[in-house]
Every structure is written in C-alpha cells, then in structure tokens.
Amino acid sequence: MPLGGRVINHILFTLFLYIFSLLCADTLSANPLSTTQTIELKEYWTLCIQHTEARNVECKTQESVGAIEQSFEDFDGIAIYRTDFTVDKSYQNIPLTLYIPHLRDADEVFLNGYLIGQSGQFPPNFEKATLYSRSYPLPNSRLHFGSDTYNELVIRVYNHARQGGLSSGAPIIQSSQTITDQQVASEGLLMLYVGVMLIIAAVQGFYFAAQPQSRDHLYFGLFCVAEAIYILTYSHFAFASGLNLNIIFRANIVLFGLLTMLFFMFMTSFFKRRTSNWFKIPLLSFLLAYCVASIFIDIDLIYHLVHLLQALSVFVLIPFYLYLFYNAIRDKLPYAKLMASTLAAFIIAVFFDILVDLQILPTFINELEGLISPVFLVAIFIVLTLILIHKHWLYYRNATYDYLTNCLRRSAFIERLDEELHRIHRSENTLVLALLDLDHFKQINDQYNHIVGDNILRAVATRTSDALRDFDLLGRYGGDEFIIAAQVSNEQDASQLLKRIHISITEKPVMNGDKKPLYVTVTIGGVTTDPKTPSSAEELIEKADDILVKGKIKQKGRVHI
Ligand SMILES: Nc1nc2c(ncn2[C@@H]2O[C@H](COP(=O)(O)OP(=O)(O)OP(=O)(O)O)[C@@H](O)[C@H]2O)c(=O)[nH]1
C-alpha cells in the first residue's frame, strides 16, 4: 500500500475511535434521565382519536406511550394523548419544561386545561412541524404541587397523511435549565456540522478550480453544500425563523432528492464508472422529477414520493454502489478499499436512517440513532475529503516529479527554470545550467539488469541533490540524463560546483546488493548566463546540450563548460 494510503488508514482508524467515544458521550447526554432528576410521567396513557370525517371518539389505553398506529390503524385526524403526574413540593421554585422528542405532526399541549404551547398549526392553516423536537415551559402558576395532587397533561396531535403521534417515546419533564442546555448542545453540534460541511465544500471548490477535469471534487463540494442546507432545515434556527413550516418541510424533502442525485454523480465520477445511459438517464430523470414534484405536489401525497425514493435507494442505488465497490476493488483502483469502506459506513448510516424513519426497527435498535449523529457523519466526510485531497496531491506529484528518482520532471523543471531566470536577470546574478549524462549506461543495463540500472539512477539523483543547495533545481531530463540549475557568483564558481557534483557521483561505488560494487562515470556539459543579457530556458538548454554532445565526443567522464 502506498505511504499516503497508510497515513489515511491511520487517520481513519483514529477518527473512528474518536467517533465512537463521542457517540458514547452523545448517547449519554442525549438521555437527560442520566444527568438530572426527571419528573416521572405515568406509564399509562389514554389515547383518544377522532377521524376527520367521523364525529365519534374512540379511546384506548397505552401501556407505554407510542405511535398512534400501535393502537389504531390507518388513522387520519385528531389524536389526544392524556396522562397525569404529580410534582413534589421541592420543585416549587424550579422552572420546569416539558420535552417531546421528534413528533411528526402539528400539536397543542394543555396543562391542567390551559394551552401551554403549540408547534405547527392545525387546519385550516395547516403547518406540519414534523422535523423538530418540542420543549414547552410549564408555568408554575398552572402546576399543582404535592404528592397527592395530580396534574393533567394533554397533547393534541393533528395526524395527517402519515402515521405518527408520540412515536419517538414518552415526553419528559425536567428543569428548564437542563432542557435548554441540552438543546443548545445539540443545536451547537448541528451548526458545527453545517460549518464543517461548508469548509469541506470550499476546499473541494478550490481543488476543482485547480483541476477542472476532476469532477468528483465538484460533485462532492455540491453534495456538502446541499447537506449543510439539509441539516439547517432540522435546526431550531429554521423552526424559529418565521418561515412557513410546510415550506421548510418541502425544502427538506427536495434536498433529500438532490443529495441522492449528487451522491450518485460523485460515486460514478470517483470510481470512473461509465454508467450505461439506459440506467443513468431514467435514474437522473426520476430524481429530477422527484425534486420538482416535491415542490408542487399536494402535501398529503409527499410521503408517497419519499417512500418511492427510499425504495429506489434501498433496492437500486445501494446494490449499484456495492457493485461499484466490488469492481473498484477487483480492478485495484487507487483508494478503492479505503473509499469503499468509508462510503459503505455512510451508506449504512443512510440505510439505518431510512429504517428509523419507516419505524420498522425494534425500539432498542432505535437507541443506536447515534450512528446518524452529526459527529459520525462529519468524521466520514472528513475522511472522504482527505482521500480526495490526497488523490489530487498524488496527481500533482506525478505530474511534477519523476516517479523513479524523485527529481523534477522535464516540463516542471523548465517551468521553474524560467521563473528562476527572471529572478536572476532582475538581480543581475549568474546562473549555471548543466546537463549530466551517464556514460555507457546501456552497457550497465545490458550487463546487469534494469533494476540495477534503476538503482544507479536513484543513487546519482541523491548524490547530485546532496551536492546542491536546497533552492537549486534538479530535474530528470531523459533516460540517463539529469539537468541542474544553480545560482553562482561567476564562471569559476560554476566550474567548481560542477566538479563537486562530478566527484560526489563518481568517487564512491554504488552498492549493488550482493554483487560487486559499481563505479559510474558521468559527462557534464554546462553554461553560465550573462548577468546583463536575458536568456530563455530553451536557449540555455540548447547551449548546454551542444557542449555535452561535443564533450562526449571529445572526452567522456569530464566536466565541460
Ligand atoms: N534502468 C533504466 N534504464 C533506462 C531508463 N531510462 C532509460 N534507460 C536506458 O538508458 C540507456 C541510455 O543509453 P544511451 O543514452 O543511448 O547511451 P549510453 O549507454 O549511456 O552511452 P553514452 O551516453 O554514449 O555513454 C538506454 O539503454 C535506456 O534503455 C530507466 O528509467 N531505467
């Protein structure tokens, strides 16, 4: 595995450790029971329903509070959850708050007959407050204190177009301070997630600008922007923004489609898969139609669309991605395994999210919701970003440096030489440019083998580089030819430098495993610039080449200047 891959693997491993420690912390703090005292609500709740079209009311008792469909099937209308509780006198001076985890519907909450809060709106101005948890302060003046006086809690829910009610568990009552702390913490986490997504998007935008043929940077950047906005739709900031909640809800659903589309484009682009148009065009058309339809479709029907997209993700896209991973690993594409495992973690999280959303998991598994916590997703996105950046860096490196000797490639050398010549001319200094050609190298290759030849090329590069200063230039000009450029004081200084390089290459043998040590000889042809006359890189290289060719004919193994 290349060094970069190993480094990323270590980072990945560390991140996963970090995530799991955070997940544990997250799960603990997500359960307010473990931190401060909670006022127990009765386990038994009465649930009454009234269908939109019918007048009669039906009631059942729930042993532990749950979704409406646990007690009544296919319900559409107003459901009323009722329970009672006592509050000890010691709470008289403590502000208390009722916290309801994620509720799909609009709701109104009554304490001892008084409306204490509502989210969303009931018809006729229906607004669906589906994405948010609720917290309602319980006014002390409305509470009855003492262990023998009961308080009545009623939660009216407008359940419409989808099963719901108190499907995420029972509400809790705690000190307002605790609930606020908790909400600030989770809102802070969301905002951190949004910030990280936007930073990643900016980084990807930068890399895309530097290398426009790499569309994966573009798609991943756009994906992160869409993800940031998607997460914002869940924030309390959106809830309190005054925007119509149905509009935020629709935006959330549209973004879900957009994210699916961008993820598909990113995956096919990263794994360089030319997906058949028979697959791609209908798929992208469907996703586009989904996004447009989510804006205009009647809000009652929107969940049918969502279910369609969820089915497409589970039955078509996830198998397709697994097929991509399989092919990439089989073809040994760069980063295939690492990318596949990171993306697989992300896909599992999304798949899990879909199952939680459809409420088809046993309740205890829902506890694992930390899997889709922002910390987990941020870690995945950071790993993806590192992989993309490393891929870009390798691309840049391979375009700039010679793979075998680690010297500049010819084109990169000429580019840097041009810059250096401008600088040298402005400061009226002198530069020496020299070509180094190994003597009888073909013979070495033929007599030993190419691996020995490669070792010699590497050794020559290292020795030359050691003889130069950090800011001098060293490049590989061709097969067994190297090129250097260095600032010198005058021609004599240049000659001394080239002799020093010559000695450092030839004085010691190159050790050749258990075979005998090999001495190499090299011919060097160099020119110096005139501080008063500007010269181009091409002119200088041509002159040095002339001197080298003539030098090789005249006397090999020497410095000619
Ligand atoms: N091992 C190895 N050989 C290479 C590499 N690139 C080029 N060569 C070989 O380097 C040799 C260059 O030979 P020439 O420049 O023609 O001549 P020479 O044998 O060095 O002879 P003179 O330069 O006239 O002394 C060829 O045999 C190439 O196959 C490489 O990356 N690794």
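In each ligand, atom 1 is the first atom listed, and ligand 1 is the first ligand listed. For reference, positions follow the sequence shown, starting with 1. Note: hydrogens, waters and symmetry copies are ignored here, and every other heavy atom, side chains too, is used. Worth saying up front: this structure is predicted, and the values here are computed from it rather than measured.
Test Tyr321, Phe381, Phe320 against Phe263 for ring-ring contact (aromatic ring centres under 6.0 Å, His included) and you get one pass: Tyr321. Of the residues listed (Phe346, Tyr219, Phe220, Phe271), the one engaging Phe266 in a ring-ring contact (aromatic ring centres under 6.0 Å, His included) is Phe220, and it is the only one.
Of all heavy-atom pairs spanning Thr529 and Asn429, the tightest one is OG1-O, 4.2 Å.
Annotation: His307, atom NE2; neighbour count of heavy atoms from other residues, nucleotides and ligands within 6.0 Å is above 12. In the displayed structure, Lys556 atom NZ is contacted under 6.0 Å by more than 12 heavy atoms of other residues, nucleotides or ligands.
For an aromatic pair to be called close, the ring centres must be under 6.0 Å apart, and His217 with Phe206 fails this.
Protein residues are said to neighbour a ligand when one of their heavy atoms lies under 4.0 Å from it; for ligand 1 these are Leu404, Asp437, Leu438, Asp439, His440, Phe441, Lys442, Asn445, His450, Gly453, Asp454, Leu457, Arg476, Gly479, Asp480, Lys552, Lys556.
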